[in-house]
2 protein chains.
Amino acid sequence: MRENKPEELTMADIARMAGVSESTVSRALAGSDLVAEKTRKRITELASAAEYTVNEGARSLRLKKTKTIEVVIPIEQHHRHHISDPFFLDMLGALADAIADRDHDMLLSKIPPWATDKRSNALVSGRADGVIIIGQSPRRDQLREFTHAHRRVVVWGAHFDDEDYTIVGSDNHEGGRLAAAHLLSLGRKRIAFLGDVSQPEIKLRHAGYLDALQQAGVAADEGLTFKAPFDSQEAFAAAKILLDKKLEFDAIFAASDVIAMSAISALSNAGMKVPQDVSVVGYDDIVGAAWYSPALTTVSQSIQEGGEALVRSLFARINGEATASVVLPPKLIIRQSCGA
Amino acid sequence: MRENKPEELTMADIARMAGVSESTVSRALAGSDLVAEKTRKRITELASAAEYTVNEGARSLRLKKTKTIEVVIPIEQHHRHHISDPFFLDMLGALADAIADRDHDMLLSKIPPWATDKRSNALVSGRADGVIIIGQSPRRDQLREFTHAHRRVVVWGAHFDDEDYTIVGSDNHEGGRLAAAHLLSLGRKRIAFLGDVSQPEIKLRHAGYLDALQQAGVAADEGLTFKAPFDSQEAFAAAKILLDKKLEFDAIFAASDVIAMSAISALSNAGMKVPQDVSVVGYDDIVGAAWYSPALTTVSQSIQEGGEALVRSLFARINGEATASVVLPPKLIIRQSCGA
DNA sequence: CTGTTAGCGCGTTCAC
DNA sequence: GTGAACGCGCTAACAG
């Protein structure tokens with residue numbers, strides 16, 4: 001196996017080969033017009049022939065820019081079963097595109113930067129120019145402290161009036177309202193809510209759901225709200241409780257598509273039909289939603305735009321500009337799980 | 001908003017504050033025992049009080065090690081619909097853990113390193129110490145050329161005798177055999193195959209399926225093999241073709257769980273029951289598989305171990321050790337979609 | 001045990 | 001237009 005080691009080639013080598021100084025090579029490769037057109041051409045050709053590439057590390061050190069963005073995303077493993085909501089992969093894809101478009105690298109981390117037990121904060125250790133955090137962590141205070149201490153940070157999550165950092169996210173309250181309103185318009189009145197309201201985004205979706213009920217003059221039944229975590233297995237369990245308690249209900253608003261699917265499984269195992277017996281609407285519009293059986297009616301978050309907005313805001317902050325939070329409009333996608 | 005800028009603190013600053021030389025600070029922070037216990041303690045405390053962190057960029061330049069691993073993963077968007085097989089997220093999570101365990105960073109890229117149109121190869125531009133490539137690309141020749149030119153690379157994929165790079169993956173042939181054998185043991189004989197056999201891994205699963213048929217003395221019907229891509233939408237369409245052609249079949253072996261789920265949707269839309277009318281087995285054991293309705297019988301790839309094996313092999317190669325490819329044993333997970 | 005010196009690979013003044 | 005010198009922040013070799 002032939003072993004090329006072009007990585008050992010340095011700018012000085014190219015300079016020597018071209019019979020010019022390092023400075024000239026540097027300028028030529030940077031496309032500076034301070035260098036004669038013909039020498040520039042000669043140098044660039046020589047460099048590419050030698051498969052030379054500038055050492056980004058050295059360049060970063062000199063320029064004090066790493067051209068990399070850190071993305072912190074809470075993909076965690078639970079026992080043997082992983083919580084792997086497709087939402088995260090979609091978001092990751094969107095971010096990867098937006099970051100690559102700006103010619104930067106993406107550093108992926110599962111651990112929030114304030115958890116200093118492992119590697120230190122990428123921002124202060126000079127490994128990244130900015131940080132995107134997906135989701136307000138369970139420890140809100142730590143997130144707040146971090147965003148206060150560093151300006152090159154944006155976060156994806158729910159909007160609250162008391163947060164003063166830049167946050168990008170969809171209008172969860174409106175999303176919840178849309179879902180419940182749709183269910184109500186179909187004549188459903190006993191709508192169960194499945195989702196962990198201790199999470200900011202879910203809390204807002206729940207609030208929107210309550211508002212829709214109120215607007216429709218339908219009394220909300222506290223007993224129909226289930227604090228189900230974003231985990232298929234436990235969502236399934238929660239749905240079973242709903243059934244076992246023999247509560248009267250004709251619809252389910254699930255805080256995520258994964259929860260919705262798990263609930264539908266539980267229902268069908270119990271012999272109940274969706275949408276005939278109960279209507280179900282999910283949240284996220286993950287890929288599987290359209291091809292589930294029945295196809296899932298759900299609230300779409302336009303993750304693509306979300307990722308782009310996050311990256312745009314972050315670069316603005318890196319450039320010292322002021323940024324406002326952005327609220328993306330959710331969209332109700334009507335398919336078959338509601339029967340209309 | 002108070003703006004700390006600890007990132008501007010340099011080692012020289014700490015040295016000055018402590019009244020020692022930079023070298024001593026460097027040694028102290030590195031935990032070297034060449035420095036007196038008490039001065040070391042004084043320095044580390046001073047540093048952490050000042051919220052100083054070593055600049056990793058400068059350190060990398062000096063050490064010629066970046067402590068970061070590039071992961072190339074083909075998460076692509078198709079029109080409006082993304083191909084986001086949960087498999088990738090699971091793999092990403094496993095890799096993130098294995099890489100973090102070794103105190104390294106993870107650079108995520110969607111573009112293979114040989115596509116030089118955008119940023120250059122992270123390996124030669126000194127942004128990463130090694131590369132993990134998920135999946136043999138459609139351009140096998142480019143992958144081969146790349147692996148021949150660089151030694152610090154491992155790839156996840158299918159094993160073929162003619163490949164001479166280090167490859168980690170599960171035994172796809174055996175997986176396919178397991179799935180088909182299970183179906184046959186249930187008395188199913190007309191087993192359709194749904195999967196894109198132009199992909200190496202799928203091709204092997206198909207071969208295993210054919211072997212199982214032969215071992216059982218059941219004639220394979222070429223007409224039952226469908227070249228379905230790994231995309232929910234198109235898998236759904238493929239399943240419909242199967243139905244529309246009114247082919248006689250009593251089972252489906254799908255090359256992925258996503259395909260299996262799509263197929264089940266198509267079947268149930270057509271009024272066919274799973275597993276009563278047709279048995280279905282998938283591949284991957286993604287999270288949703290267990291909570292799907294019916295719960296999916298599938299072949300599990302133990303992605304967790306796969307990720308660990310990839311990283312272990314890569315670090316071995318980085319250290320100059322020779323590495324052999326590793327084949328992980330797949331496991332049949334029996335649930336309800338086969339009726340047994 | 002500690003300080004001094006040197007240089008990792010590059011971009012950028014400032015001369016010529 | 002081009003080159004020489006300097007330094008980004010750090011670690012390692014060499015003295016002492």
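Note on naming: letters A, B, ... go to the chains in the order of the sequence lines (proteins, then strands), and numbering restarts at 1 for each one. All values derive from a computational prediction rather than experimental measurement.
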(message) Can you measure Ile14(B) atom CD1 to dG9(D) atom P for me and round it to whole angstrom units?
(response) 13 Å
(request) Using a 4.0 Å heavy-atom cut-off across all strands, classify Arg59(A) as base, sugar-phosphate, or nothing. (result) sugar-phosphate
(message) Counting only heavy atoms and a strict 4.0 angstrom limit, can you tell me which residues of residues 39-46 of chain A come near DNA chain C?
(response) none
(request) Report yes or no: do Ser23(B) and Ser26(B) form a side-chain donor-acceptor pair below 3.5 Å? (result) no
(message) Using heavy-atom distances to pick each residue's nearest nucleotide on DNA chain D, tell me which of Glu22(B) and Arg62(A) is more 5'.
(response) Arg62(A)
(message) Within this structure, what is the CG-CZ distance for the pair Leu314(B) and Arg317(B), rounded to the nearest 0.5 Å?
(response) 8.5 Å
(message) Just to be sure I understand the geometry, which residues of residues 23-38 of chain A put a non-hydrogen atom under 4.0 Å away from DNA chain C?
(response) Ser23(A), Ser26(A), Arg27(A)
(request) Determine, for Lys41(A) against Glu37(A), whether the closest basic-nitrogen to carboxylate-oxygen distance falls under 4.0 angstrom. (result) no
(message) Check whether Asp97(B) reaches the backbone of Ala94(B) with its side chain - one donor and one acceptor, N or O, closer than 3.5 Å.
(response) no
(request) Write down the distance between CZ (Arg16(B)) and P (dG9(D)), rounded to a whole number of angstrom. (result) 11 Å
(request) Look at Thr10(B) and dC8(D) and indicate whether a side-chain polar atom (N or O) is within less than 4.0 Å of OP1 or OP2. (result) no
(message) If I take atom NZ in residue Lys65(A) and atom P in nucleotide dC10(C), what distance separates them, rounded to the nearest angstrom?
(response) 18 Å
(message) Please report the distance, rounded to the nearest Å, between NZ in Lys64(B) and P in dG9(C).
(response) 4 Å
(message) Counting C-beta onward and ignoring hydrogens, is there a side-chain heavy-atom pair between Asp164(A) and His148(A) closer than 4.5 Å?
(response) yes
(message) Testing the 3.5 Å rule here: is there a donor-acceptor pair between the side chains of Glu56(A) and Ser125(B)?
(response) no
(message) Between Ile167(B) and His159(B), is there a side-chain heavy-atom distance shorter than 4.5 Å?
(response) yes
(message) Please determine whether a side-chain nitrogen or oxygen atom of Tyr52(A) lies at a distance below 4.0 Å from atom OP1 or OP2 of dG9(C).
(response) no
(message) Would you say that Phe146(A) contacts Arg139(A) through its side chain, given a criterion of any heavy-atom pair below 4.5 Å between the two side chains?
(response) no
(message) Could you tell me how far apart Lys67(B) (NZ) and dC10(D) (P) are, to the nearest whole angstrom?
(response) 15 Å
(message) Nearest to the Val54(A) side chain among dC10(C), dG3(D), dC10(D), which nucleotide is it?
(response) dC10(C)
(request) For Asn55(B) and dG7(D), give me the distance from atom CG to atom C1', rounded to whole Å. (result) 14 Å
(message) Can a side-chain donor-acceptor contact be found between Thr323(B) and Thr166(B) if the only test is distance below 3.5 angstrom?
(response) yes
(request) Mind calculating the distance between CG (Leu61(B)) and C1' (dC8(C)) to the nearest angstrom? (result) 4 Å
(request) Could you check whether Leu63(B) gets within reach of a base, just the sugar-phosphate, or nothing at all, counting any heavy atom under 4.0 Å? (result) sugar-phosphate
(message) Using whole Å, what does the distance between atom P of nucleotide dG7(D) and atom CE of Met11(A) come to?
(response) 20 Å
